[in-house]
Amino acid sequence: MRPGSAFALAAAIAAALASCGPRAPEPAPEAPADLVVYSSHPAELVRAVVREFRERTGLRIRVVSGGTGELLTRLRSGEQAYKADLVWGGGAESMAAASDLLEPYVSPEAASIPQELKDPGGAWTGFTVLPMVIIVNERLLPADRAPRSWGDLGSEALRGSVAYADPSVSGSAYTILRTLLLAGGGGEAGWSRIAAFARTLEGNVLPESSQVFRGVASGEYLAGLTFETAVTDAGRSGSDVRVVYPEDGTSAIPDCVALVRGAPHPEAARAFVDFVLGPDVASVVVGRFGRRSARGDAPAPEGLPPLSSLRILPYDLGSSAAERAATLARFRDLLAGAARP
């Protein structure tokens, strides 16, 4: 027998013996979902609410998590491993900009939510209210040196030490960008303030909004820009992070829940919307997670000042949504010009 034939015969025998042995079990097929929820909310909040809804309804729920911009991009591109039924989370201006992707629905629970916190046509409804704030590491940045307004973020002393998420990815970061513009007087005066802020960032933004709190808490950054309950969401009440409500005013717009146009499971989606907007979830959101419910009959979370005590700016959702692409493009140019060589 030629040497090559011997090797071929041995390989054939080994293959035959292998085929006679026990085979690895086939993976079980993935159970179909009765509802697919796209959510940018913190994982602990999502788990608590989804678990309760599942127990009450018996529905099988799949959650796809990500940043608001990322999830809406998936919806718009059609590149979805799981076709979404609804979006739960994301600022109102992000939802307004994506209104063509949404199916109007007016929940019976929407009657308890103030008009300014919901879309007049029912495309989206406010879930919680998120004032935008500055956070500081008070161990590294005592009160007499900490920024007290958005305008203070252009200070040379803070250069390279402010954490801010990419506004093209994070809905809250985009809201902050528009709030900076508004607090600076709008127009070119507002953009002058944003240009100073871009110099402070030295061209750097973080890929996720959750990294803002972590960066400030760890001392990597002295200050950060985020939404009010970032500290509560992170579950680190013992950290050195302190919230600063800007003296030059801030925005307090809702994050939302909205049905997706062409949802595969519209009845289950509407039931979920009714549930998350209801008083039971509002009670959990306020008491356990320290968030301000959009419901007019819900109290403010313990330890947070009433909204009436804050200077709330007249944030225009319509112009914010309509000018999103132009706003992001101009900010990108400012960042590029401010980057260190």
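- Annotation: Arg148, atom CZ; neighbour count of heavy atoms from other residues, nucleotides and ligands within 6.0 Å does not exceed 12.
- Checking side-chain atoms of Arg199 against main-chain N and O of Gly154 turns up no donor-acceptor pair under 3.5 Å.
- For the pair Tyr245 and Pro305, the minimum side-chain heavy-atom distance is below 4.5 Å.
- Looking only at side-chain heavy atoms (C-beta outward), Glu44 and Arg288 come within less than 4.5 Å of each other.
- Side-chain N or O atoms of Ser251 include none that pairs as donor or acceptor with a backbone N or O of Ile253 at under 3.5 Å.
- Ionic pairing of Asp255 and Arg291 is present here: one or more N-O contacts between side-chain nitrogen and carboxylate oxygen are shorter than 4.0 angstrom.
- Every residue two or more places apart in sequence or in another chain that forms a side chain to side chain donor-acceptor pair (under 3.5 Å) with Arg178 is listed here: Glu323, Thr327.
- A salt bridge is absent between Glu247 and Arg311: the closest approach of a Lys/Arg side-chain nitrogen to an acidic carboxylate oxygen does not fall below 4.0 angstrom.
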ask   = Can you list the steps and then say if Arg193 with Asp152 is a salt bridge (Lys or Arg N to Asp or Glu O under 4.0 Å)?
value = CA-CA 10 Å; Arg193 175 173 288 188; Asp152 291 342; over 6 Å; no
message = Determine whether Leu259 and Leu102 satisfy the following criterion, side-chain contact (heavy atoms from CB on, under 4.5 Å), listing intermediate values before the conclusion.
response = CA-CA 6 Å; Leu259 298 188; Leu102 307 177; over 6 Å; no
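- Residues Gly249 and Ala183 share a closest heavy-atom pair of O-CB, 4.5 Å.
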message = Working note: Arg159 + Glu156, criterion salt bridge (Lys or Arg N to Asp or Glu O under 4.0 Å); need CA distance, chi angles, decisive distance, verdict.
response = CA-CA 5 Å; Arg159 190 157 185 167; Glu156 188 66 26; 3.8 Å; yes
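- Between the side chain of Ser94 and the main chain of Gly90, no donor-acceptor pair closer than 3.5 Å is present.
- The main-chain N or O of Pro279 is never found under 3.5 Å from a side-chain atom of Ser283 such that the two would form a donor-acceptor pair.
- In terms of the ring pair (Phe, Tyr, Trp, His ring centres under 6.0 Å) criterion, residue partners of Phe272 (sequence neighbours excluded) are, by chain and number, Phe53, Trp88.
- At least one donor-acceptor pair closer than 3.5 Å links the side chain of Thr175 to the backbone N or O of Gly171.
- Between Ala252 and Leu307, the shortest heavy-atom distance links the atoms CB-CD2, 4.2 Å.
- The structure places OG1 of Thr128 at 8.0 Å from CG of Leu45, a figure rounded to the nearest 0.5 Å.
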key: Candidate pair Thr179 and Leu182, rule side-chain contact (heavy atoms from CB on, under 4.5 Å), full reasoning   = CA-CA 5 Å; Thr179 303; Leu182 181 60; 5.5 Å; no
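- With hydrophobic clusters built from ILVMFWY side chains whose heavy atoms lie under 4.5 angstrom apart, Val63 shares a cluster with Leu35.
- Heavy atoms of other residues, nucleotides or ligands lying less than 6.0 angstrom from CD of Glu267 number 12 at most.
- With Asp119 contributing its side chain and Thr125 its backbone, the two residues share no donor-acceptor pair below 3.5 Å.
- A donor-acceptor contact shorter than 3.5 Å links the side chain of Ser218 to the backbone of Arg214.
- A salt bridge between Arg292 and Glu228 is present, with a side-chain N of the basic residue lying under 4.0 Å from a carboxylate O of the acidic one.
- In summary, Asp85 and Arg270 do not engage in a salt bridge, as defined by a charged side-chain N under 4.0 Å from a carboxylate O.
- Counting only distance, with no hydrogens or angles, the side chain of Trp191 and the backbone of Gly186 share no donor-acceptor pair below 3.5 Å.
- Side-chain polar atoms of Ser320 and Tyr315 form a donor-acceptor pair below 3.5 angstrom.
- With Asp34 contributing its side chain and Arg60 its backbone, the two residues share a donor-acceptor pair below 3.5 Å.
- Between Glu188 and Arg330 there is a salt bridge, with a side-chain nitrogen of the basic residue lying less than 4.0 Å from a carboxylate oxygen of the acidic one.
- Here the closest non-hydrogen pair linking Val216 and Gly224 is CG2-N, 3.6 Å.
- Aromatic rings of Tyr164 and Phe197 (six-membered ring for Trp) have centroids within the 6.0 Å cut-off, being under it.
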ask   = Does the pair Val87 and Val257 meet the rule for a side-chain contact (heavy atoms from CB on, under 4.5 Å), with working shown?
value = CA-CA 6 Å; Val87 179; Val257 62; over 6 Å; no
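- Using a 4.5 Å cut-off on side-chain heavy atoms (C-beta onward), Ile135 and Tyr221 make no contact.
- With respect to Asp166 and Arg332, no salt bridge is recorded, no charged nitrogen being found less than 4.0 Å from a carboxylate O.
- Salt bridge status for Glu55 with Arg51: absent, with no side-chain N to carboxylate O gap under 4.0 Å.
- Cluster membership for Val46 and Val284, using ILVMFWY side-chain heavy atoms within less than 4.5 angstrom, is shared.
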request  = Starting from the C-alpha separation in whole Å, work towards a yes-or-no answer on side-chain contact (heavy atoms from CB on, under 4.5 Å) for Val133 and Val244.
outcome  = CA-CA 6 Å; Val133 300; Val244 175; over 6 Å; no
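- Put simply, NZ on Lys83 and OH on Tyr38 are 9.0 Å apart, with the number rounded to the nearest 0.5 Å.
- In this structure, Lys118 does not pair ionically with Glu109, as no charged nitrogen and carboxylate oxygen lie closer than 4.0 Å.
- In this model, no donor atom of one side chain and acceptor atom of the other lie less than 3.5 Å apart for Glu208 and Ser170.
- Within the 3.5 Å criterion, the main-chain N or O of Ala157 finds no donor-acceptor partner in the side chain of Ser161.
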